[in-house]
Amino acid sequence: MRVGLSPAASRWMSEIRLRRLLEIELQGTALIADDTPGPLTDPLGWSWIDMPSRATVLIESRVNSHPPRRRSISVDGLGSDVAARMVAIAVAEQVRVLSQPARVRKVQPSRSPCCDQAEALARSTPAWAGAGSFGAAVLPGPGWTLVGPSASLGLRIRATDLRVAAGWKGGLPDSASVSWSEIGLAFDHRFVLRTDWRWSLGAAAHAALLRFGGERAVNGDPSDRETGSARVAVRAGLETRISDGVWLSLAMEPGLILRQVSWQTSTGQQSVGGAWLGLDLGLAWERRPWSP
């Protein structure tokens with residue numbers, strides 16, 4: 001440790017006495033160099049002591065690459081020996097602080113979103129959305145129950161789907177086969193209940209081909225066994241996640257048949273139209289090819 005005193009400080013305090021006091025205060029921390037001059041590349045500390053006035057001592061210290069520290073202490077009314085002790089204590093405190101290794105600020109690792117935040121981030125990107133289901137439809141008008149599969153494929157933006165949907169349902173009411181094939185558009189919006197649960201609300205419109213088996217005369221033509229119809233419906237469903245991007249769904253689909261179809265049988269004229277009540281159990285999947 002190199003210590004220097006200004007001419008004003010040297011006239012009031014004994015440099016030899018100050019160095020001796022510093023050696024005592026800095027035991028185990030630093031050694032006091034015999035000479036003040038020396039190369040700047042030495043791994044040493046420097047202290048400069050000045051007295052800008054009779055009542056004030058100014059102390060400046062620097063150790064290695066640490067920024068220098070400056071401190072003023074009052075020695076007004078003190079003798080030179082007491083002042084030297086105070087200066088030695090102040091210099092030692094500065095050196096001890098500056099001798100501590102510089103603290104490197106740790107860069108906190110960025111935290112990835114989790115749970116609900118991750119789910120919200122995923123929902124913000126567009127996705128392909130598809131579904132496959134098996135369900136039943138009850139037609140209260142003729143008293144039919146039809147069952148069969150359906151599928152859909154479309155695009156999901158945030159929580160809203162627009163899908164092309166197709167399905168088939170059939171049955172054997174009145175001891176003769178009936179087939180209902182349809183294709184149309186479906187619209188759904190999903191609401192998150194929890195991370196693994198959500199419910200949906202939407203609407204659909206389908207054009208249908210109705211095909212009959214057995215002895216039936218559709219639209220008055222004995223050779224005609226098929227005709228067109230259409231239906232609209234609202235859809236409400238509940239979904240639970242079973243794996244990443246795959247959901248198990250249960251949905252109700254009440255609706256209305258728009259075009260009534262009539263036919264003639266050996267027992268008289270019958271018709272189908274009016275209400276439609278559907279229930280579907282299926283799997284829904286989503287894939288986000290544009291995820292960052």
Side-chain angles (χ1 to χ4, degrees), residues 109-139 145-171 179-211 228-259 276-292:
S110 59
R111 296 182 179 179
S112 59
C114 176
C115 305
D116 295 340
Q117 294 180 355
E119 183 72 13
L121 180 62
R123 291 196 305 269
S124 66
T125 59
W128 294 114
S133 64
F134 189 88
V138 176
L139 284 63
T145 298
L146 307 178
V147 296
S150 61
S152 65
L153 180 65
L155 184 65
R156 176 173 301 161
I157 299 178
R158 293 190 180 273
T160 303
D161 292 2
L162 182 61
R163 297 173 286 112
V164 176
W168 175 90
K169 285 180 172 60
S179 171
W180 178 287
S181 303
E182 63 183 14
I183 187 170
L185 293 176
F187 165 86
D188 290 291
H189 187 82
R190 283 167 171 76
F191 304 87
V192 177
L193 297 176
R194 293 174 56 187
T195 303
D196 294 331
W197 288 89
R198 64 191 183 187
W199 67 280
S200 62
L201 185 65
H206 295 84
L209 177 65
L210 187 59
R211 181 173 297 157
S229 185
R231 73 178 181 94
V232 293
V234 295
R235 182 179 177 89
L238 182 65
E239 300 178 351
T240 181
R241 190 201 307 269
I242 58 176
S243 66
D244 188 19
V246 181
W247 300 73
L248 179 66
S249 66
L250 179 65
M252 292 186 62
E253 196 173 82
L256 184 67
I257 298 175
L258 299 179
R259 181 176 182 268
W276 170 293
L277 180 59
L279 183 65
D280 291 324
L281 178 65
L283 293 176
W285 60 267
E286 55 196 46
R287 182 173 180 269
R288 290 180 165 80
W290 302 282
S291 295

E253: partners by salt bridge (Lys or Arg N to Asp or Glu O under 4.0 Å), with sequence neighbours left out: R231, R235
Distance (rounded to the nearest 0.5 Å) between [X] [atom1] and [Y] [atom2]:
X	Y	atom1	atom2	value
T240	L193	OG1	CG	10.0 Å
I242	W247	CD1	CH2	10.5 Å
W199	L238	CH2	CG	10.0 Å

Sequence neighbours excluded, the answer for side-chain contact (heavy atoms from CB on, under 4.5 Å) partners of L162 is none
I need the minimum non-hydrogen distance between [X] and [Y], along with the two atoms involved.
X	Y	result
E239	S249	CG-CB, 3.6 Å
I257	S229	CG2-OG, 3.5 Å
R190	D161	NH1-OD2, 2.7 Å
V232	A205	CG1-CB, 4.1 Å
W168	V147	CZ3-O, 3.8 Å
G282	L248	O-CD1, 3.4 Å

Should the pair W180 and W276 be assigned to parallel (<30°), tilted (30 to 60°) or perpendicular (>60°) ring geometry?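 Tilted.
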Check: S179 side chain, G170 main-chain N or O, donor-acceptor pair, under 3.5 Å: no
Validation row: V164, L185 side chains within 4.5 angstrom (heavy atoms): yes
side-chain contact (heavy atoms from CB on, under 4.5 Å), that's the test. Do M252 and V234 meet it? Break it down for me. CA-CA 8 Å; M252 292 186 62; V234 295; over 6 Å; no
Candidate pair H189 and T160, rule side-chain contact (heavy atoms from CB on, under 4.5 Å), full reasoning: CA-CA 4 Å; H189 187 82; T160 303; 2.7 Å; yes
